[in-house]
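Take a look at the structure set out below.
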Amino acid sequence: MTTLPERVTITEVGPRDGLQNEDCYVETPQKIELIARLNKAGFSRIEAGSFVSPKAIPQMRDAADVFAAMPRREGVTYVALVPNVVGARNALAAHADELATVVSASETHNKRNINRSVEESLREVEGVAALASDAGIPWAGYISTAFGCPYEGDIAEEQVVKLCTRLRGLGAAAVALGDTIGAGNPRQVANLVRAVQDALPDTPLRLHAHDTRGTGLANVFAALQEGVDSFDASVGGMGGCPYAPGAAGNVATEDVVYMLEEMGIATGVDLPALVEVARWAEEIVGRQLPGRVKDAGIMPAADAE
Ligand code: MG
């Protein structure tokens, strides 16, 4: 076990991964206000939208408008998810600071999700990488279903390591391991992180944890123990799980921040401000969100009775 990192970077994915997977359509001004509020809470990285076909994902149909009108804070990286070259062009036109691409570790999931083989997806990533490189901005490679697939079940470690190697070979600045269905457990997370680190020692790794079965924070801690210092989370736990209606999806950012800050690990995020955003987020999506800290509150002051 390595020493725990002193600080971590959190990518707030609520405006994209969160809202994209909510049933309702959140209007453009509210999306912009969400980003403004997240800016104020101190995030250095915000996934602000997805440049994807509006037919495939109507929730993100206003991504270009959001990018054009959202307040940009100095020093903050605004990430755009792009499924293909067309999306990458649109994201670059909208002045995204960084691109994120997704490939599934599971052939079946990739096929059912975007109707492409993994090889076909990697060819598309190659095109995205070339555009990002021309624009002089970094891109990250997300590996979805890295800890389990809704169709194939267990995913072999070697499969994920192989994909990491391919993505790095194409120029990914970082690789994110996505627990798309929240099936991962802490030992599995530690083992996979170690396997990737062994094969690709200099690869910046990120964990995209889901809390579908209650293992989200434990998985964050397991990765932290292996030296991972970059995590995705969604304010309030917005988003849910596309494969289990009603279940939790992304780990709630305020829960992750609470745990880390209480452990003495700096996140740069203002927790009370974030809790307020999480409570407000319930209004814009019109449902109770699964994050715990927004309901329980943060630790009482030491002098409280
Ligand atoms: Mg997610």
Side-chain angles (χ1 to χ4, degrees), residues 9-24 26 31 34-35 38 43 45-52 56-57 59-60 63 79-83 87 98-106 109-110 112-114 121 140-151 155 160 163 174-185 188-189 192 205-220 222-223 228 230-257 278 281 285 287 289-291:
T9 302
I10 295 191
T11 303
E12 168 56 52
V13 301
R16 198 289 297 176
D17 197 12
L19 293 185
Q20 168 169 337
N21 292 298
E22 290 292 333
D23 289 336
C24 63
V26 171
K31 286 185 177 125
L34 174 61
I35 291 163
L38 294 168
F43 288 96
R45 297 175 53 82
I46 298 174
E47 193 181 55
S50 176
F51 289 81
V52 61
I57 301 178
Q59 284 92 335
M60 291 286 118
V79 183
L81 185 90
V82 297
E98 188 177 312
L99 304 183
T101 64
V102 187
V103 181
S104 184
S106 149
H109 181 261
N110 209 70
R112 297 234 192 153
N113 206 25
I114 52 172
S121 279
Y142 276 75
I143 300 179
S144 60
T145 68
F147 301 95
C149 166
Y151 311 111
I155 295 293
V160 180
L163 259 185
V175 174
L177 303 174
D179 189 8
T180 312
I181 57 166
N185 67 71
Q188 184 187 11
V189 168
L192 183 58
L205 274 181
R206 189 180 308 152
L207 182 70
H208 181 97
H210 277 212
D211 198 34
T212 318
R213 293 171 179 81
T215 55
L217 285 181
N219 290 340
V220 168
V228 173
S230 182
F231 297 91
D232 283 359
S234 173
V235 61
M238 278 199 298
C241 178
Y243 299 95
N250 298 296
V251 279
T253 316
E254 65 277 12
D255 295 358
V256 175
V257 169
V285 297
R287 72 175 184 109
L289 292 169

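Below, all heavy atoms of this structure are taken into account, side chains as well, without hydrogens, waters or symmetry copies. When a ligand or atom number is given, it counts from 1 through the structure's own listing order.
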Pair Y243 and H109, ring centroids less than 6.0 Å apart: yes
The Mg ion (ligand 1) reached by N21 (N, O or S, under 2.8 Å): no
Contact flag D17/the Mg ion (ligand 1), N/O/S atoms, threshold under 2.8 Å: yes
Polar contact flag, side-chain donor to acceptor under 3.5 angstrom, T253-E12: yes
Atom name, H208 (N, O or S, nearest to the Mg ion (ligand 1)): NE2
Option passing side-chain hydrogen bond (donor to acceptor under 3.5 Å, both in side chains) with R45 (candidates T11, T9, D232): T11
With the Mg ion (ligand 1) as the apex, the OD1/NE2 angle for N250 and H210 - to 10°: 80°
Heavy-atom side-chain contact between L207 and F147 under 4.5 Å: yes
